[in-house]
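To find a chain, count down the sequence lines: A is the first, B the second, and so on, and within it residues start at 1.
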Amino acid sequence: MSNPTNLLYAESHEWVRVEGEEAVLGITDHAQHALGDITYVELPAVGDSLAAGQEMGVVESVKAASDLYSPVAGEVIAVNETLNDTPELVNQSPYDQGWMVRVKLAAQPAGLLSAADYEKLCQE
Amino acid sequence: MSETRETPLASWHRDHGAKMAPFAGWDMPIQYEGILAEHNHTRNAASVFDICHMGQFMLEGGGAAEKLARAVTHNLATLKEGKCRYGFLLNEKGGVLDDLIIYRLGADRFFLVVNAACAEGDFAALSARVPGMVTDISPRMGKVDLQGPASIDVLEKLLGQNFHDLGYFCFRECEFRGRPLRVSRTGYTGELGYELYPPRDMTEELWIALLEDERVKPAGLGARDTLRLECGLALYGHELDTEHTPAEAGMDGMLTSTAPYVGHEYARSIKSQVLVAMKLEGRRTVRSGDSVTLPGEAAVIGKVTSGSFAPSLGYAVALAYVDKEYADRDTFALTAGRSSLIAGKTELPFYKNGTARIKF
């Protein structure tokens with residue numbers, strides 16, 4: 001799966017889709033593939049305030065666990081609650097049905113990578 | 001550290017997209033299409049596992065039965081030819097050096113299957129306890145596990161013989177394409193299944209022949225671990241180690257040997273800790289090495305030995321050694337990273353619908 005070019009990417013393997021003053025966050029195809037079968041996702045609560053780079057949750061697979069970091073600053077306005085019972089959506093559809101968090105941006109995203117630069121990072 | 005070793009199936013695994021990782025000094029397949037898919041396929045159909053890394057010994061000679069009975073916990077007095085039995089090799093203090101299966105091939109002829117990580121130490125211990133009778137045949141043997149409810153049909157079709165009359169923990173000497181193949185009705189998944197012992201140079205041919213049956217898929221060590229944990233089967237280095245006796249691991253019921261085997265004075269005693277099975281409240285899991293406390297208290301009273309999301313159950317489970325004075329508590333707190341998860345004591349096996357002991 002190639003990384004969509006309309007998204008921004010963090011070095012910690014989260015993606016960001018900016019929609020006006022809001023942004024949707026998830027983890028990349030590279031990240032879900034490296035983790036393997038995802039069995040549990042812990043997300044922040046609606047109303048939580050996140051700083052860019054702040055830890056915001058946990059993703060667990062059968063063999064590994066990985067912290068989630070918010071690539072942007074903002075307030076959580078929605079989380080993907082379907083991941084509570086069907087975390088495998090992150091494996092199956094990391095950029096769409098496996099989305100994780102929607103935030104109201106406190107600042108424009110900064111320091112993130114383009115799809116091309118992120119792909120380079122993954123190949124290193 | 002010596003170089004990582006490869007099984008005769010290593011190139012096959014790489015050619016078929018396996019994720020490989022070192023395990024007990026061997027480069028082993030962890031998964032092919034994915035741990036959950038392989039786990040579920042084993043519970044529902046049949047899977048083959050490359051288990052060529054495990055050690056295989058022959059032990060034979062005049063008086064072998066009597067001498068071996070003093071070396072291991074297995075009750076050889078009641079072990080008939082054609083049957084195999086699970087048990088332990090202990091140190092003088094009753095600590096577990098390894099868990100192993102012993103096959104009785106004859107009055108004074110035995111076949112032993114031991115863990116890869118322990119094989120060298122086992123060979124040394126057995127050679128000291130039963131001098132001049134042990135041979136390490138691992139270099140010329142392979143091992144393929146065929147596991148899952150469909151395994152009996154797959155095996156009958158492949159070998160052209162009936163296996164409905166082969167009972168649990170029984171074995172038979174068979175032939176595959178003109179060469180010897182030992183088949184035992186044993187396994188490590190909780191499902192009906194067989195462990196197959198071909199000559200090492202025939203392992204790949206057997207593996208490919210098994211996979212020609214469309215009901216069979218390859219499964220890696222990742223699924224093997226979730227399958228065994230759901231059934232509460234111990235893994236050496238986790239639930240079993242030299243610090244704990246078989247009784248502490250909850251296995252005193254199988255210590256029926258009356259022979260004065262090494263460690264017998266301590267094997268049935270609970271010195272400090274007891275293995276406790278725990279069910280967590282949700283999908284979030286703990287891992288080997290995480291701490292056990294009582295809810296709301298800080299004092300560490302134990303350590304998780306294995307923990308995982310249990311795919312066939314939909315929640316996480318764990319095994320943990322808990323200080324004996326707390327082992328009868330109903331509820332524990334387990335640390336997972338910075339959070340603390342509540343776990344309730346439960347009985348083994350976690351997963352109760354396994355087909356391993358099915359009677360025909």
Side-chain angles (χ1 to χ4, degrees), chain A residues 1 12-14 26-45 48 50-51 53-70 76 79-95 97-101 122-123, chain B residues 17-23 28-43 219-230 235 238 280-290 304 306-318 334-341:
Chain A
M1 193 188 289
S12 50
H13 304 288
E14 292 86 6
I27 66 166
T28 65
D29 184 55
H30 175 85
Q32 71 78 16
H33 197 261
L35 281 163
D37 290 329
I38 290 168
T39 53
Y40 172 79
V41 179
E42 182 176 271
L43 298 174
D48 281 2
L50 302 172
Q54 183 185 330
E55 196 187 309
M56 65 168 185
V58 177
V59 181
E60 288 187 354
S61 67
V62 182
K63 283 284 144 208
S66 180
D67 290 328
L68 284 172
Y69 299 92
S70 178
V76 177
V79 297
N80 186 354
E81 287 176 1
T82 59
L83 300 182
N84 291 338
D85 294 323
T86 50
E88 60 271 24
L89 288 175
V90 178
N91 294 117
Q92 292 161 6
S93 177
Y95 296 115
Q97 292 181 65
W99 71 275
M100 293 180 172
V101 176
C122 292
Q123 279 156 17
Chain B
K19 257 189 205 173
M20 308 288 286
F23 176 83
M28 298 300 291
I30 302 305
Q31 63 170 73
Y32 305 83
E33 62 173 310
I35 293 172
L36 294 184
E38 292 161 30
H39 176 108
N40 292 330
H41 190 77
T42 311
R43 291 257 182 266
L221 294 187
R224 185 170 159 89
D225 193 43
T226 53
L227 289 158
R228 71 93 194 167
L229 179 58
E230 282 188 343
L235 173 61
H238 290 253
L280 284 93
E281 288 182 332
R283 290 174 151 261
R284 185 159 198 193
T285 190
V286 290
R287 311 274 173 183
S288 175
D290 286 344
V304 173
S306 294
S308 176
F309 173 70
S312 303
L313 298 169
Y315 51 80
V317 298
L334 309 177
T335 59
R338 276 146 301 213
S339 22
S340 179
L341 304 180

Quiz item: Given a strict heavy-atom distance threshold of 4.5 Å, which part of T285(B) is in contact with chain A: side chain, backbone, both, or neither?
Solution: both
Self-check item: chain A contact via A37(B) - which portion, at a heavy-atom distance below 4.5 Å
Solution: backbone
Self-check item: Straight-line distance of R283(B) CZ to N84(A) CG, nearest 0.5 Å
Solution: 9.0 Å
Quiz item: So how far is it from H39(B) NE2 to D37(A) CG, rounded to the nearest 0.5 Å?
Solution: 11.0 Å
Exercise. With sequence neighbours excluded, tell me which residues meet salt bridge (Lys or Arg N to Asp or Glu O under 4.0 Å) with E230(B).
Key: R43(B)
Self-check item: Which atom of R287(B) lies closest to which atom of K63(A), heavy atoms considered
Solution: NH1-C, 3.7 Å
Practice problem: Against chain B, work out which of A65(A), G36(A), A64(A) has the most heavy-atom pairs shorter than 4.5 Å and name it. | Solution: A64(A)
Quiz item: For V58(A), is it the side chain, the backbone, both, or neither that has a heavy atom closer than 4.5 Å to a heavy atom of chain B?
Solution: side chain
Practice problem: Report yes if some heavy atom in the side chain of T226(B) is under 4.5 Å from a heavy atom in the side chain of V62(A); otherwise report no. | Solution: yes
